Amino acid sequence: MSNNSEEQITQNVLDSMAKAPDARLKQVMTGLVNHLHAFIREVELTQEEWMQGIQFLTSTGQMCDDKRQEFILLSDILGATMLVDAIDHRLPDGATESTIFGPFYREGAPELPTGATISQDGRGEPAVVTGRVLSTNGTPIPGALLDVWETDENGLYEQQDPEQPDMNLRGKFRADGEGRYCFVGIKPVSYPIPDDGPVGRLLRSLGRHPFRPAHIHLLVSADGFVPVTTHLFVKGDPYLDSDAVFGTKDSLVVDFLQHDSEEEAARYHVATPFYTVEYDFVLKPM
Ligand code: BEZ
Ligand code: FE
């Protein structure tokens, strides 16, 4: 006999999973069902709204292929990606904070000598990024690896833009014997996340914009340390307080200091104006 009162429906689903052999799966699915049902009750979802939701998720799936992951984008604009990241990366005070990985990383960026530029097309304003990679106890980490990527001055990553050379604005750099690193990128620009699909339509319906504040992505790693996936954001960017994917953290916002001296520019083999940024990355031992 079935009892299908509103409360009993939830209990029936929970009971159906009582013998799940995987304890973690059972915990996750029990939480999901409880919260999903509570949400439906709270907003008193109509059948029409439920169908709209199904259609939205269907078109989100249909937008996914090997180049586009619309479900991750959905997770990003709902803050879910950042919340999972925060829970999964509870780091000690002083360690460099992590932020969103994003969909535009590519394996296999070239390893370049200290001080080299990652800009192959010479567009944008050069930015010299220097600093050290340290352990949380303050000692330098010689040989730490920085894998960096950013958009060109048009706000597009190289794989989004047929005009850019392969691997443009990507590179790997090793810290020297004192943990010091140096690379030349370009001053990043704010840019919109891909908004020509269901996620973009959702943003517009919610009165939200699709922009991310200007940033350089970095994946910093070293043997024996917990790697960190992070960004350097540009101080003063108009989108710092409204990042479409909620990735901004105060500790990652840095000054890009402008320089106009030809003499200084010659030292770094860059054109004027150029920018300098100094930032120490701090990793937690494993
Ligand atoms: C990015 O910063 O590359 C990014 C992050 C989340 C969604 C889209 C782009
Ligand atoms: Fe990005």
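The shown structure was predicted, so the numbers you read here are calculated from the model rather than taken from an experiment. For the numbers below, each heavy atom of this structure counts, side chains included, while hydrogens, waters and symmetry mates do not. Read the numbers this way: they start at 1 and go in the same order the structure lists the ligands and their atoms. For reference, positions follow the sequence shown, starting with 1.
- Side chains of E49 and T46: a donor on one and an acceptor on the other come within 3.5 Å.
- Residue Y191 holds the heavy atom nearest to atom 1 (C) of ligand 1 of all those in F101, Y105, W149, Y191.
- The distance from ligand 1 to the heavy atoms of P103 drops below 4.0 Å at these ligand atoms: 4 (C), 5 (C), 6 (C), 7 (C), 8 (C), 9 (C).
- With the Fe ion (ligand 2) as the vertex, NE2 of H217 and OH of Y191 span 170° to the nearest 10°.
- Looking at atom 2 (O) of ligand 1, its nearest protein heavy atom turns out to be R212 NH1, 2.6 Å.
- Here the protein heavy atom with the shortest distance to atom 5 (C) of ligand 1 is G102 CA, 3.5 Å.
- Annotation: atom 7 (C) of ligand 1 to nearest protein heavy atom, D76 OD2, 3.3 Å.
- Looking only at atom types and distance, the side chain of S242 has no donor-acceptor partner in the side chain of R208 under 3.5 Å away.
- On a distance-only criterion, H217 and ligand 1 share at least one N/O pair closer than 3.5 Å.
- Here R170 does not pair with D147 in a salt bridge; the nearest charged N to carboxylate O distance is not below 4.0 Å.
- For Y105 and W149, the ring centers are positioned less than 6.0 Å apart.
- A donor atom on one side chain and an acceptor atom on the other are not found under 3.5 Å apart for E70 and T60.
- When all heavy atoms of M82 and V245 are compared, the pair lying nearest together is CG-O, 3.5 Å.
- Residue contact check: H215 has heavy atoms under 4.0 Å from atoms 2 (O) of ligand 1.
- Test Y279, Y268, F173 against F183 for ring-ring contact (aromatic ring centres under 6.0 Å, His included) and you get one pass: F173.
- Using modelled atom types and a 3.5 Å distance limit, the side chains of H215 and H217 yield a donor-acceptor pair.
- Of all the atoms in ligand 1, the ones that sit under 4.0 Å from a non-hydrogen atom of L73 are 7 (C), 8 (C).
- Remark: among candidates T151, I193, I72, the nearest residue to atom 8 (C) of ligand 1 is I193, based on non-hydrogen atoms.
- Not a single N/O/S atom of T151, whether from backbone or side chain, sits less than 2.8 Å from the Fe ion (ligand 2).
- Within the 2.8 Å limit, H215 places at least one N, O or S atom next to the Fe ion (ligand 2).
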